[in-house]
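All values derive from a computational prediction rather than experimental measurement. Within every chain, numbering begins at 1; the chains are lettered A, B, ... in the order of the sequence lines, protein sequences first and strands thereafter.
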Amino acid sequence: MPFAPATALLAPLAPWFDARRRPMPWRAGDLDAPHPDPYAVLVSEIMLQQTQVATVIPYFTRWMERFPDAEALAAATEDEVHGLWAGLGYYRRARNLQAAARAIAGAGFPRTLEGLLELPGLGPYTAAAVAAQAFQLPTPALDGNAFRVAARVLALEGDPRRHAAALRDWLAPALAAHGPSRLTQAVMELGATVCTPVPRCASCPLLGACAARARGLQERIPPVQPRAKVTEAEIHLAAIRSPRGWLLCPPASRGLLAGLWSWPRAEAAPELEGAAEAASGYGLEARELPGWVQVYSHRRETVRPIVARMASAPGAQGLEWVPGERLPELPMGRRDQKLRAALDAPGTPLTGAGLAALRTILDEGVSANPRS
DNA sequence: AATTCGTGGTG
DNA sequence: TCACCAAGAAT
């Protein structure tokens, strides 16, 4: 379909961005030159996948201090990489980023869109965004912001992602005309601060050119996406200490929280009678802490934490006893960080359900920790 | 091609 | 409280 030429339509974005852009630690001072540090651009773009700028900034700063270049990242251990990523989410990104750094340390930084797409963790958006910001290539980067801005300016109805190829063709000349790095960031900045899901049209530099606004459709374009279904779960999360340390579930290579350590857990079980007496029979002293609801991308988990102390240290399949002094440095997701921070908090007596969970964990080990 | 990957902000 | 969703990619 024929779109109004983007070069003229989007021209107001360039001066708007030069005047209004937010400071970000990865942004180059000179938007008309290649970026002095393509690795920094890569790190920022991977962290920004499905993650807001304000959340990323402190992670980016710490990351660049510890891993200032691809060589430093390539040489790091998996625990250290995940330690710096812990809490940011989508942990596969951390593993992919280190794999990309190893490829770069060996063969140099790819300077074409096709070469960037070969790096693990870089898809159509990220490869184009790096190419434009690091190397000034006129490669349109279509993220959620860009799709929303384009859909509104052009009054595209339906899911704008259907028009990805046409929109890239539409945007490319505007990138070349106004500067690939500048216009790429300007479109996203507009989407993040003005052309938001609930738009602030009064302060938009494209107000006069916006077809959706002209028709009063700016609130309905683009349409909301159907939600993925969320499964419900209820688990006991157990911090068990013995003379050998804490009993922990070592990192898995795939699935939820891959690359992170976690406390062993068991699905909530039916109530047992006489928990306290049975527990002392095991040489086990335990209490339960206040629970909470942990939300993941497609899972809602009611967490019932337990802190227990055992006189002996039995083996448990797939679980490890970790010395107490190592506990603070292990990479963990938010759920497990929360329990780690509450190990000294007061609690209530162990319930029958809690005892059943501890028995399941000690008897079955990692097999009591089902993949979701 | 539909699912599966975290977490925090916002209205 | 809750829906929505954020500089998406891999499978």
Inset, instruction - Within residues 76-87 of chain A, find the residues that approach DNA chain B with a heavy atom at under 4.0 Å, and present them sorted by residue number. - result: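 Under 4.0 Å from DNA chain B: G87(A).
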Inset, instruction - Would you mind classifying the nucleic acid contact of Q337(A) as base, sugar-phosphate or nothing, using non-hydrogen atoms under 4.0 angstrom? - result: nothing
Legend entry - Nearest-Å distance once atom P is located in both dA7(C) and dT4(B):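 To the nearest whole Å, 24 Å.
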Inset, instruction - Report yes if the side chains of T112(A) and F135(A) come closer than 4.5 Å at any heavy-atom pair, otherwise no. - result: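 They are not in side-chain contact.
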Inset, instruction - Could you identify which residues of residues 37-67 of chain A place a heavy atom less than 4.0 Å from some atom of DNA chain B, listed by residue number, or say none? - result: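 Contacting residues: Q50(A), T51(A), Q52(A).
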Inset, instruction - Output the distance between atom CZ (R265(A)) and atom CD1 (I306(A)), rounded to the nearest 0.5 Å. - result: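 The distance works out to 13.5 Å.
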Inset, instruction - Indicate yes or no: does E157(A) engage R220(A) in a salt bridge with an N to O separation below 4.0 Å. - result: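 Looking at E157(A) and R220(A), the cut-off is not met.
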Inset, instruction - Could you walk me through whether W63(A) and Y59(A) pass the ring-ring contact (aromatic ring centres under 6.0 Å, His included) test, one step at a time? - result: CA-CA 6 Å; W63(A) 187 277; Y59(A) 282 88; 9.3 Å; no
Legend entry - ring pair (Phe, Tyr, Trp, His ring centres under 6.0 Å) involving W321(A) - partner list, sequence neighbours excluded: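 With sequence neighbours excluded, W321(A) shows a ring pair (Phe, Tyr, Trp, His ring centres under 6.0 Å) to no residue whatsoever.
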Inset, instruction - Report yes if at least one side-chain N or O of H298(A) is closer than 4.0 Å to OP1 or OP2 of dC5(B); otherwise report no. - result: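 For H298(A), the contact criterion (side-chain N or O under 4.0 Å from OP1 or OP2 of dC5(B)) is met.
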Inset, instruction - Could you identify which residues of residues 113-139 of chain A place a heavy atom less than 4.0 Å from some atom of DNA chain B, listed by residue number, or say none? - result: none
Legend entry - Proximal nucleotide (of dA7(C), dG11(B), dC4(C)) relative to the R200(A) side chain: dG11(B)
Inset, instruction - Measure from the side-chain N and O atoms of T55(A) to the backbone N and O of T51(A), and report whether any donor-acceptor pair falls under 3.5 Å. - result: no
Legend entry - Euclidean distance, atom NZ of residue K229(A) to atom P of dA3(C) [Å, nearest integer]: 16 Å
Inset, instruction - Kindly compute the distance separating CG (L257(A)) from CZ (R334(A)), expressed to the nearest 0.5 Å. - result: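 One gets 12.0 Å once the value is rounded to the nearest 0.5 Å.
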Inset, instruction - Please list residues of residues 91-107 of chain A whose heavy atoms come under 4.0 Å from any atom in DNA chain B, ordered by number; otherwise none. - result: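 Those residues are Y91(A), R92(A).
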Legend entry - Side-chain N,O (R300(A)) to OP1/OP2 (dA3(C)) below 4.0 Å: no
Inset, instruction - Please state whether the base of dG6(B) and the side chain of Y90(A) form at least one donor-acceptor pair under 3.5 Å? - result: yes
Legend entry - Proximity of F60(A) and W26(A) rings by center, below 6.0 Å: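 Distance test on ring centres: under 6.0 Å, yes.
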Show me the side-chain donor-acceptor pairs of residues 120-131 of chain A shorter than 3.5 Å, one per line, residues at least two apart or across chains.
{"unit_1": "Y125(A)", "atom_1": "OH", "unit_2": "E45(A)", "atom_2": "OE1", "d": "2.8"}
{"unit_1": "T126(A)", "atom_1": "OG1", "unit_2": "Q49(A)", "atom_2": "NE2", "d": "2.9"}

Legend entry - Pairwise side-chain contact, Y296(A) with L256(A), heavy-atom cut-off 4.5 Å (strictly under): yes
Inset, instruction - Using heavy atoms to find the nearest nucleotide of DNA chain B for A258(A) and V198(A) separately, return the residue whose nucleotide is more 5′. - result: A258(A)
Inset, instruction - Determine: side-chain N/O of Q294(A) to OP1/OP2 of dG6(B), distance under 4.0 Å, yes or no. - result: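 Answer is no, no contact under 4.0 Å.
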Inset, instruction - Give a yes or no on this: more than 12 heavy atoms of other residues, nucleotides or ligands lie within 6.0 Å of atom CZ of R66(A). - result: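 Count over threshold, so yes.
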Legend entry - Euclidean distance, atom CZ of residue R161(A) to atom P of dC5(C) [Å, nearest integer]: 10 Å
Legend entry - Sidechain-backbone polar pair: E234(A) side chain, E267(A) backbone, donor-acceptor under 3.5 Å: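 Not at all, since once roles are kept as given, no pair shorter than 3.5 Å links the two residues.
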Inset, instruction - Would you indicate what R148(A) reaches in the nucleic acid, counting non-hydrogen atoms under 4.0 angstrom: base, sugar-phosphate, or nothing? - result: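 Here R148(A) touches the backbone only, sparing every base.
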Inset, instruction - Please measure how far the P atom in dG8(B) lies from the corresponding atom in dA9(C), and state the result in whole Å. - result: 22 Å
Inset, instruction - Could you check whether L257(A) gets within reach of a base, just the sugar-phosphate, or nothing at all, counting any heavy atom under 4.0 Å? - result: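 Sugar-phosphate only.
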Legend entry - Nearest to side-chain heavy atoms of A228(A), which nucleotide of dT4(B), dG8(C), dC5(C):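 Nucleotide nearest to A228(A)'s side chain: dT4(B).
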Legend entry - Face-on cation placement of R95(A) at Y91(A) ring, 6.0 Å and 45° thresholds: no
Inset, instruction - Give a yes or no on whether R22(A) atom CZ has more than 12 heavy-atom contacts from other residues, nucleotides or ligands under 6.0 Å away. - result: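 Result for CZ/R22(A): enclosed.
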Inset, instruction - Answer with base, sugar-phosphate or nothing: what part of the nucleic acid does V295(A) contact at a heavy-atom distance below 4.0 Å? - result: base
Legend entry - Closest nucleotide among dC5(B), dA3(C), dA7(C) to the R227(A) side chain: dA3(C)
Legend entry - Which atom of H178(A) lies closest to which atom of L10(A), heavy atoms considered: NE2-C, 4.4 Å
